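Beneath this line is the structure, given in C-alpha cells, with notes to follow.
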Amino acid sequence: MRDFLPADVRRRQYVIGVVAEVFESYGFEPLETPAVENIETLTGKYGEEGDRLIFKILKRGEGAGTGEADLALRYDLTVPLSRVVAEHRAALPKYFKRYQVQPVWRADRPQKGRFREFYQCDVDATGSTSMAVEAELLSAGADVLRRLGFTDFTIRLNHRRLLSAILDVAGVPADLHGTALIALDKADKIGREAVVAEMTTRGVTEAAAATLVAFLFGLTGADNGPALEAIAGFVGTHEGGVAALADLREILTLASALSSGAHVRIDATLARGLGYYTGAIFEIAVADLAGSLGGGGRYDDLVGMFLGQRVPACGLSLGLERILVVMGERGMFPAAVERPPATVLVANFDGGAVGDTLALAAELRRGATGTPLAVEVYPDTDKLGKQFKYAADRGIPFVVVVGTEERQQGQVTVKSLGSGAQEAVARDRAAEYIVTHMGTSRG
RNA sequence: GUGGGUGUAGCUCAGUGGUAGAGCGCCGGACUGUGGCUCCGGUUGUCGCGGGUUCGAUCCCCGUCAUCCACCCCA
C-alpha cells in the first residue's frame with residue numbers, strides 16, 4: 001500500500017482532471033460506488049483467477065472465527081456499475097453513460113506498474129448494442145491519452161465471438177476455448193513454439209494448435225484491411241465469426257473519422273482474461289510497458305446477472321497508475337503540475353511582530369491585477385539564512401522580508417531566489433511587484 | 001497461489017561470529033538581515049520483527065512481516 005506525497009497527488013489530480021474533462025465532453029456523468037460490496041456480487045464474474053484475487057472481508061461476530069467472508073473490496077468498476085444499473089434502473093436514463101475514477105483492490109503480488117490498490121478510470125455506456133458505443137469509447141480513451149501527450153499508443157481490437165469462431169474452425173473443442181485463449185494471449189510475449197507447446201499440454205491436439213498458430217502468426221504486421229480479409233477467409237461461413245467480423249468492420253469504419261482511428265489495430269491474438277466479455281474487446285498498449293495502459297470491451301450479459309433482464313453494455317478502463325508510471329519515466333508532466341507549493345515565503349524575522357507578518361501575508365495573497373498569490377509564512381522566528389534556505393529547498397521563488405526599519409517606512413524587501421535580485425518595494429506595491437516579476441524569475 | 005532477491009544512519013549502500021562504516025543529506029561555524037559555491041567542525045543507528053544455536057549474533061539456523069523481480073493473471 002502506498003502513501004501519496006504532495007508531488008504525487010498533484011500528478012494524480014492532473015491526470016484525473018484530464019480524464020474527467022474528456023469524458024464529460026462526451027456526455028458521460030460521474031458515478032461513485034462503495035469500496036465494499038457483498039461478496040456474492042463479485043464472485044463468479046471474473047473467472048477462476050479473478051475470484052482468487054478478490055480481497056475478502058471476514059464476517060463480523062461468529063463468522064470471524066470460521067474465516068467466513070460476506071463482504072469484499074471491489075475488484076473493478078465494471079461489476080459495481082452493472083449492479084448499480086440493475087438496482088437503480090428506474091432512476092437512470094435509457095442510455096446510462098457514466099465515468100468513474102476510484103480505487104480497486106486485488107490480492108496480487110505487487111510488481112512494476114502493478115499494485116494491490118490502484119485507480120481505474122472507467123467509461124461505460126449501457127442500454128445500446130450499437131457499435132457507435134465502441135467507436136466513441138475508443139475515441140474518448142484516445143482523446144485522454146493524446147491530451148496527456150501520448151502519440152505512440154496502439155489500441156488492439158478483437159472480438160470474443162471471433163475468437164470462438166477461429167478456435168472452432170481450427171478444431172479446438174469448446175470446453176478448451178478458455179485454456180487455449182490463455183495461451184494465445186501470451187503470443188507476443190513467449191513466441192510461436194511456446195504457444196503451441198502450452199496448448200498441447202493443456203489438451204489441445206497438436207494439429208489444431210499448429211493450425212491456429214500458423215494462421216494467427218501469419219497475420220502479424222498485416223494492416224487492418226488485409227487482416228480482416230484473411231480472417232474472413234479462415235472463418236468462412238461460421239455464423240458467430242461472420243457476425244463478429246461485421247462488428248469489427250463497423251467499429252473501424254466509425255472510428256476512422258475519430259481520434260482513435262489512427263491507433264486502432266485488429267489483433268486476433270488479443271484475448272483478455274475477464275470472464276464477462278461477450279463482443280468486441282480492446283486493450284491499449286505502449287512499447288515501454290509490458291502490461292497495458294487500459295482495456296475494455298462489450299459485456300451484454302453482466303447486468304442481466306443482477307437484473308434477470310438483458311441490458312447490453314460496453315466500457316473502457318484506463319489504468320491511472322500505469323499512465324502515471326509511463327508519464328513519470330518519460331517526463332511528460334507539464335511544469336504547472338510540478339510547481340512549488342507557494343510563490344512567496346514571508347520571512348518571520350521579528351518575533352515581536354508575528355501578527356504583522358501574518359497580516360502582510362494576507363495582503364500578498366490578494367495578489368494584483370487579478371492574479372492571486374500563494375503565500376506561505378515561515379512559522380518560527382529564525383535566522384534569515386535558514387529561512388532563505390527553506391524557501392530555496394522548497395522551490396519557492398520569492399522571499400519577502402520586513403525588518404523594524406522597513407516596517408516603519410512602509411516598505412518590504414523582496415528577493416527573487418532565481419535571479420538573486422533583491423529590491424526594497426513599498427509594502428502596498430509588493431504583490432504587484434511579485435506578479436510582474438513572476439514569469440521571469442523562476443528557477 | 002508458485003519460485004527467487006533484498007531489509008544496516010534521513011537517503012544510497014559497504015561490512016565482520018567479539019555490541020558498525022562511507023558518500024550524500026542534516027546540524028554548527030567562517031558569513032551576528034540573505035539560499036545556491038567553497039572551506040572547517042560535528043551528529044546520526046531498537047543492524048525489519050520474533051525465536052533458536054553460541055561464552056557472545058547485525059552476521060549462522062527457523063519463523064514472520066515488508067518490499068522488489070519472475071511466473072500466474074491483469075489496469
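This is a predicted model, so every value here is computed, not measured. Reckoned from all heavy atoms, side chains included, excluding hydrogens, waters and symmetry mates.
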Could you give the [atom1]-to-[atom2] distance, from [X] to [N], as a whole number of Å?
X	N	atom1	atom2	result
A/W105	B/C73	CH2	P	25 Å
A/F115	B/A66	CZ	P	17 Å
A/I396	B/G36	CD1	P	16 Å
A/L320	B/C74	CG	C1'	16 Å
A/E49	B/A75	CD	P	12 Å
A/L181	B/C72	CG	C1'	16 Å
A/E198	B/C72	CD	C1'	10 Å

Quick one: does [X] reach the base of [N] with a side-chain donor-acceptor pair under 3.5 Å?
X	N	answer
A/R109	B/U67	no
A/K386	B/G35	no
A/R114	B/C69	no

Q: Using heavy atoms to find the nearest nucleotide of RNA chain B for A/Y277 and A/R52 separately, return the residue whose nucleotide is more 5′.
A: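 Nearer the 5' end of the strand: A/R52.
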**Q.** Along RNA chain B (nearest heavy atom to each residue), the more 5'-positioned of A/A392 and A/S292
**A.** A/A392
Counting the atoms with a prime plus P, OP1 and OP2 as sugar-phosphate, which does [X] contact under 4.0 Å by heavy atoms, base, sugar-phosphate, or nothing?
X	value
A/G113	base
A/I182	sugar-phosphate
A/Q422	base
A/Y119	nothing
A/E406	base
A/L293	sugar-phosphate
A/G420	base

Think [X] has a side-chain N or O under 4.0 angstrom from the OP1 or OP2 of [N]?
X	N	value
A/R272	B/A75	yes
A/Q387	B/U34	no
A/R116	B/U67	yes

Should [X] and [Y] count as an ion pair when the cut-off is N to O under 4.0 Å?
X	Y	value
A/K389	A/D393	yes
A/K386	A/D380	no
A/E37	A/R74	no

Q.
Just to verify, what does A/D175 make a salt bridge (charged side-chain N to carboxylate O under 4.0 Å, His left out) with, not counting sequence neighbours?
A. none
Looking only at atom [atom1], what distance separates [N] and [M], rounded to whole Å?
N	M	atom1	answer
B/G50	B/U58	P	11 Å
B/G5	B/G29	C1'	45 Å
B/G18	B/U32	C1'	49 Å
B/G45	B/C11	P	13 Å
B/C55	B/G7	C1'	29 Å
B/G10	B/C26	P	14 Å
B/C61	B/A20	P	22 Å
B/G48	B/G42	P	28 Å

Q: List in numerical order all residues of residues 75-85 of chain A for which some heavy atom is under 4.0 Å away from an atom belonging to RNA chain B.
A: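 Correct list: empty, so none.
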Q. With a distance cut-off below 6.0 Å to the six-membered ring centre and an angular limit of 45° from the axis, does A/R12 pair with A/F4 as a cation-pi contact?
A.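 Yes.
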**Q.** Aromatic stack A/Y390/B/G35: centroid gap under 5.5 Å, interplanar angle under 30°
**A.** no
Q: Would you please say whether a donor-acceptor pair under 3.5 Å links the side chains of A/E136 and A/Y26?
A: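 Not at all, the side chains of A/E136 and A/Y26 share no donor-acceptor pair under 3.5 Å.
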Q: Looking only at non-hydrogen atoms, find the nearest pair between A/R11 and A/L324 and report the distance.
A: O-CD2, 3.9 Å
Kindly point out which of [options] is positioned nearest to the side chain of [X]?
X	options	value
A/Q111	B/A75, B/A70, B/U34	B/A70
A/V401	B/C72, B/G33, B/G35	B/G33
A/D108	B/G33, B/G1, B/C69	B/G1

**Q.** Whether A/R339 side chain and A/A336 backbone form a donor-acceptor pair below 3.5 Å
**A.** yes
Q.
Given 3.5 Å as the limit, does a donor-acceptor pair link the side chain of A/R146 with the main chain of A/S259, or not?
A.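 A pair under 3.5 Å: yes.
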(Q) For a side chain to side chain contact (heavy atoms under 4.5 Å, CB included) check, start with the C-alpha distance between A/R429 and A/T436, then their side-chain angles and the critical distance, and finish with the verdict. (A) CA-CA 11 Å; A/R429 304 292 299 274; A/T436 56; over 6 Å; no
Q.
Against A/V104, only a single residue in A/Y75, A/F118, A/F115 fulfils side chain to side chain contact (heavy atoms under 4.5 Å, CB included); can you say which?
A. A/F118
**Q.** Nucleotide-level pairing of RNA chain B, given in dot-bracket where Watson-Crick and G-U pairs need both distances under 3.5 Å and | marks other strands
**A.** (((((((..((((....[..)))).(((((.......))))).....(((((..]....))))))))))))....
Q: Determine, using ring centers only, whether A/Y299 and A/Y276 are less than 6.0 Å apart.
A: yes
